[in-house]
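Note on naming: letters A, B, ... go to the chains in the order of the sequence lines (proteins, then strands), and numbering restarts at 1 for each one.
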Amino acid sequence: MVARPAAEVARDLLGWRIVSRIDGTRTSGRIVETEAYVGAHDPACHGAVGLTRRNRTMFGPPGRAYVYFIYGMHWCFNVVTGREGDPEAVLVRALEPLEGRDTMVARRGRDRDPANGPARLCQALGIDGAMDGHRIDRPPLYLEPPPRPVSPDEVTVSGRIGIRKARDWPLRFFLTHSPHVSSGPHVPASSETPWRP
DNA sequence: TAGACGATGACCT
DNA sequence: GGTCATCGTCTAG
């Protein structure tokens, strides 16, 4: 995968399919919501504090999964997009289930909509820390392009969810009419574009 | 080594 | 809308 700005990739990943064969069971879902974390100058980005053991995957080559543990109980899945040494990544926040829906619901233990949140989709697909650093172009976890690209008028941009710093930066992208988008509070995006030099 | 914090989600009112 | 569970990671001392 070629390095690209996370904000571009976050927009373009909408509609892509994530396929998981973790645990030998095939599950997949269509990406309906993403957030971009755009590098060391983004105060909400894990890479802003510099290279640590936890975030080292983010500083590695693009096209890898950055999976981290949060709040003592949840995993979150990101796609690294920046060049080596440039900590840019896209957090996948929600999926529309496509295959293996029963498996997802069984893994979650509940829910009609088992993948509408970053930690929920990890649990539904069986993603945990073992996938940190995995190349996302090969099994057991990989991405497939959509049959047709998502058009710009299907996408809404807003501020990011669940963070305190730079929350109004317009770096959250979701499919406007998808019922599978996560239920976080809507944060209006600032008209500024502070991540651009 | 202790203490604070966190890109969340479940549950309750 | 508010509270809390729960623990890896980081930082300060």
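Taking a 6.0 Å sphere around CZ of R26(A), one finds it holds more than 12 heavy atoms contributed by other residues, nucleotides or ligands. Surrounding CZ of R54(A) are more than 12 heavy atoms belonging to other residues, nucleotides or ligands, all under 6.0 Å away.
One N or O on the side chain of E88(A) and one on the backbone of A6(A) form a donor-acceptor pair closer than 3.5 Å.
D86(A) pairs by the side-chain hydrogen bond (donor to acceptor under 3.5 Å, both in side chains) definition with nothing, not counting sequence neighbours. Looking at residues two or more places apart in sequence or on another chain, you find a side-chain hydrogen bond (donor to acceptor under 3.5 Å, both in side chains) between D137(A) and R135(A). Residues passing the salt bridge (Lys or Arg N to Asp or Glu O under 4.0 Å) test with R148(A) are E154(A), sequence neighbours excluded. Every residue meeting the side-chain hydrogen bond (donor to acceptor under 3.5 Å, both in side chains) condition with R4(A), not counting sequence neighbours, appears here in chain and number order: E8(A), D12(A). Remark: D42(A) pairs with R160(A) by the side-chain hydrogen bond (donor to acceptor under 3.5 Å, both in side chains) rule, at least two apart or across chains. With sequence neighbours left out, D128(A) forms a salt bridge (Lys or Arg N to Asp or Glu O under 4.0 Å) with no residue at all.
For D132(A) and dG8(C), the CG to P distance is 15 Å, given to the nearest whole Å.
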Listed pairs, N/O of protein and of nucleotides 9-13 of chain C, under 3.5 Å:
unit_1, atom_1, unit_2, atom_2, d
dC10(C), OP1, T52(A), OG1, 2.2
dC10(C), OP1, R54(A), N, 3.2

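Contacts between chain A and DNA chain B, taken as any atom within less than 4.0 angstrom of a protein heavy atom, begin and end at dG6(B) to dC11(B).
Listed by first residue number, the stems of DNA chain C with at least three Watson-Crick or G-U pairs below 3.5 Å are B:1-6 with C:7-12, B:8-12 with C:1-5.
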With a 3.5 Å cut-off and sequence neighbours excluded, list the donor-acceptor pairs that the side chains of residues 57-77 of chain A form with protein atoms.
unit_1, atom_1, unit_2, atom_2, d
T57(A), OG1, D132(A), OD1, 3.2
T57(A), OG1, D132(A), OD2, 3.1
R64(A), NH1, G133(A), O, 3.4
Y66(A), OH, H46(A), ND1, 2.7

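Residue pairs meeting the salt bridge (Lys or Arg N to Asp or Glu O under 4.0 Å) criterion with at least one member in residues 13-22 of chain A, sequence neighbours excluded: R17(A)-E99(A).
With contacts defined as side-chain heavy-atom distances shorter than 4.5 Å, the pair F173(A)/V150(A) does not qualify.
With DNA chain B read from its 5' end, the first of the two nearest nucleotides for I70(A) and R108(A) is the one closest to I70(A).
Annotation: the span from L13(A) atom CG to L91(A) atom CG amounts to 11.0 Å, rounded to 0.5 Å.
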Determine, for nucleotides 1-6 of chain C in 5'-to-3' order, which nucleotides have protein heavy atoms under 4.0 Å from the base (write B), from only the sugar-phosphate (write S), or from neither (write -). ----BB
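Among the heavy atoms of the strands lying under 4.0 Å from A119(A) are primed sugar atoms or P, OP1, OP2 only; no base atom is included.
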